[in-house]
There are 2 protein chains.
Amino acid sequence: MITTKDIAERLGISVSTVGRALSDDARISEETKFRVRQAASEMGYVGNRAARMMRGASSNVVALVIPDIRNSFYSTIAHELSKNMEAEGFQLMLSETDDDRMVELRHLRELSANRVAGVIIVPTARPHGDSIKLLRGLPHLQLLRRHPSLGSQWFGVDDHESLREATAHLVAQGHTRIAYLGGPTELPTGAERLRGFHSALSEAGLPDDAGRTELGPPSSVEYGREAVRRLLEGPDAPTALVLGSIQLTLGVLEELSEQGVQVPGELSVVGFGDEPGFSWWGPGLTTIGLPIQEMATGCALWLMRRLKTKPENDGPYTSVSPGSLVLRGSTAPPDGKAPSSSA
Amino acid sequence: MITTKDIAERLGISVSTVGRALSDDARISEETKFRVRQAASEMGYVGNRAARMMRGASSNVVALVIPDIRNSFYSTIAHELSKNMEAEGFQLMLSETDDDRMVELRHLRELSANRVAGVIIVPTARPHGDSIKLLRGLPHLQLLRRHPSLGSQWFGVDDHESLREATAHLVAQGHTRIAYLGGPTELPTGAERLRGFHSALSEAGLPDDAGRTELGPPSSVEYGREAVRRLLEGPDAPTALVLGSIQLTLGVLEELSEQGVQVPGELSVVGFGDEPGFSWWGPGLTTIGLPIQEMATGCALWLMRRLKTKPENDGPYTSVSPGSLVLRGSTAPPDGKAPSSSA
DNA sequence: ATGAAAGCGCTAACAG
DNA sequence: CTGTTAGCGCTTTCAT
């Protein structure tokens, strides 16, 4: 690897002159600057950021710590961050935790060792104590999930309201046996979504046992399939289903379409998230659309600004983006037998 | 940030003793080691990789340079790499090029400045000369696309054979007006897939004008929609369609389902890739399944090994994974009017 | 307008 | 068993 010293020797000048020329210092003659730049380019010189960091320069790397990039939720976020950051000269490090706090900790150790400029994290349910300590030393931002011990900078969506609205939509259609299938309540998102579900039920004055819930520890496609199978068994199966996780939604859709369940005839369904394919599933999936793109952009811009301004303006910051119900064909009043001419 | 010097001062010993204790050097007494580790942990010491790199240590970062992480093709790859690399203590840098050679170049500059340990790249159609130079200085590996000037380490899928097989399937069903819709031929993948399409036609002895092709410069969902609209217009519209890009497939499926085109009645379709949702699209999408997971794992393992063994065993290496046709319901003999009792 | 030298944090060679 | 010293590549005083 070529260094400033190599260039200096080649031109018979000192390293400091080379350094100054490359940083376009005012007191270097134009001619020298030209010769230096020429040589640098010819020799394929690329400045060593490690060395610069030792002199106090900060890293240009921001890390994104998420459960799984295959979840399109997260890949959209990653893309949006990457795009916004590239424009500002930042690079994106990708760390997948698989929702395992130990993996999360290992990643944070590495990120800290690499002295990344900042971290955007979707924390696991209960981060390790050391993870919390490590994050204290790094400018960071929580995304979607919010853990109290990880500071008060947070970007997320209105989980409670999104599920309340989705459930209310089913209630308005006359459903009285509604099931909710979502992620674990250990996660702040899971808890909020479940709360939203219950809010809608109680607002409608429905009895507590109107709502049946299946809360997966694993928010996986496979679990979604199993859970919906379980839900549909038995005599008083629900007539409607609201979902609280993208992965679970994918599983449910696969299972329902495989079992040939009539939607919305036998069962009304409201999905979570709006993936490619949701629109062409069965009668079109009515689903909770999330403004992840906007959220991610906001998040990127906030962090960029935070990193560029020296002062520790680490005041609490919270951004809650609203979801929106995307109405398609997968919901209808219960007992499809009676096509019901109600509005 | 805590340094070894801080620890040394606190314990009244020298920095080298601290360094050795932390690296579990044999000549340090167990007691000192213990005290050092204790202090390090208490003080929240995290080694500075930048400093280590200046002493010759190599980075533990591998970069993945791809067009767009939202393409599930690439997010699957990213996940697989990440998983395999985390196990070996490597971190994954994510660089999106948006298929823009200038963005690609900027990323490679940064990666080089950061002295990343290695690069896995899906190159743009014609990488910039400087990009080529930069890559020469970095251990790297091409993925899927293969550009001759970027070295001879490559992992990919058998694009030619995959499309040949898919097309042959349609030919076998009796189609004689088959369209191919794929990415630009400037990309090696695009060219190979198109070649596969033509191979199948000529093997079947079909006239050249049997195949109609639409080659998108932009492999986007939107372009897929437009293109299929164009294809279906006019009197001698094709009776079958083979696709050569995931994004285009997504667009085509949306458009066909929106327009209510009967598949396979009016049109037989073979998709590219196997995304969630392809199985529940219409009659189930017959599609070209790709072993991306295996490919990515192979790729990760190869690079890890390459990075761990000092010697420049940069011998040419090529790995071609075969695709496989996933048969579902979207293809049938032409002229659906005659349900045709053939096997 | 340019050089010389110091030092960032760490490790390794060289003394004890 | 432990300390001293040098140097990785770069920027930044402090001297010319």
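Proteins come first, then strands; the chains are lettered A, B, ... in the order of their sequence lines, and each starts at number 1. Both backbone and side-chain heavy atoms feed into the values below; hydrogens, waters and symmetry mates do not. The shown structure was predicted, so the numbers you read here are calculated from the model rather than taken from an experiment.
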- request: For B:Met54 and for B:Val15, locate the closest nucleotide of DNA chain D by heavy-atom distance; then report the residue assigned to the nucleotide nearer the 5' terminus.
  value: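 Its nucleotide being nearer the 5' end, the pick is B:Val15.
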Mind calculating the distance between [atom1] ([X]) and [atom2] ([N]) to the nearest angstrom?
| X | N | atom1 | atom2 | answer |
| --- | --- | --- | --- | --- |
| A:Met53 | D:dC8 | CE | C1' | 15 Å |
| B:Asp6 | C:dC10 | CG | P | 9 Å |
| B:Asp25 | C:dT11 | CG | C1' | 11 Å |
| A:Lys33 | C:dT2 | NZ | P | 10 Å |
| A:Ile7 | D:dC10 | CD1 | C1' | 12 Å |
| B:Met1 | C:dC8 | CE | P | 17 Å |
| B:Arg20 | D:dG3 | CZ | C1' | 8 Å |
| A:Leu11 | C:dT2 | CG | P | 12 Å |

Inter-residue atom distance A:Arg20.CZ - A:Ser14.OG, 0.5 Å rounding: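 Taking CZ in A:Arg20 and OG in A:Ser14, the distance rounds to 6.5 Å.
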- request: Describe the nucleic acid contact of A:Ser16 in one word from base, sugar-phosphate, nothing, applying a heavy-atom distance below 4.0 Å.
  value: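 Base: the residue A:Ser16, judged by heavy atoms under 4.0 Å, touches a nucleobase.
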- request: Assign A:Arg55 to base, sugar-phosphate, or nothing according to its heavy-atom contacts below 4.0 angstrom with the strands shown.
  value: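 Touches a base.
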query: Are A:Asn60 and B:Glu110 linked by a side-chain donor-acceptor pair shorter than 3.5 Å?
result: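 Side-chain D/A pair, A:Asn60 to B:Glu110: present.
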message: Between B:His128 and B:Arg101, do the side chains contain a donor N or O and an acceptor N or O under 3.5 Å apart?
response: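 No pair is found: no donor N or O on one side chain lies under 3.5 Å from an acceptor on the other.
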- prompt: Do A:Arg49 and D:dG9 have a side chain to base donor-acceptor pair shorter than 3.5 Å?
  reply: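 When only heavy-atom distances are counted, A:Arg49 does not reach the base of D:dG9 through any donor-acceptor pair under 3.5 Å.
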Ignoring backbone atoms, test whether [X] places a side-chain nitrogen or oxygen under 4.0 Å from the OP1 or OP2 oxygen of [N].
| X | N | result |
| --- | --- | --- |
| B:Thr32 | D:dC1 | no |
| A:Ser29 | C:dT2 | yes |
| B:Ser14 | D:dT2 | no |
| B:Arg27 | D:dT2 | no |

- prompt: If you check the A:Thr17 side chain, which of D:dG3, C:dG3, C:dT11 turns out closest?
  reply: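 Closest nucleotide among those given: C:dG3.
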message: Less than 4.0 angstrom from a charged side-chain N to a carboxylate O is my criterion; do A:Arg109 and A:Asp130 meet it?
response: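 The answer is yes: the pair qualifies as a salt bridge.
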field: Aromatic centroids of B:Tyr317 and B:Trp154 separated by under 6.0 Å
entry: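 Here the rings of B:Tyr317 and B:Trp154 have centres that are no less than 6.0 Å from each other.
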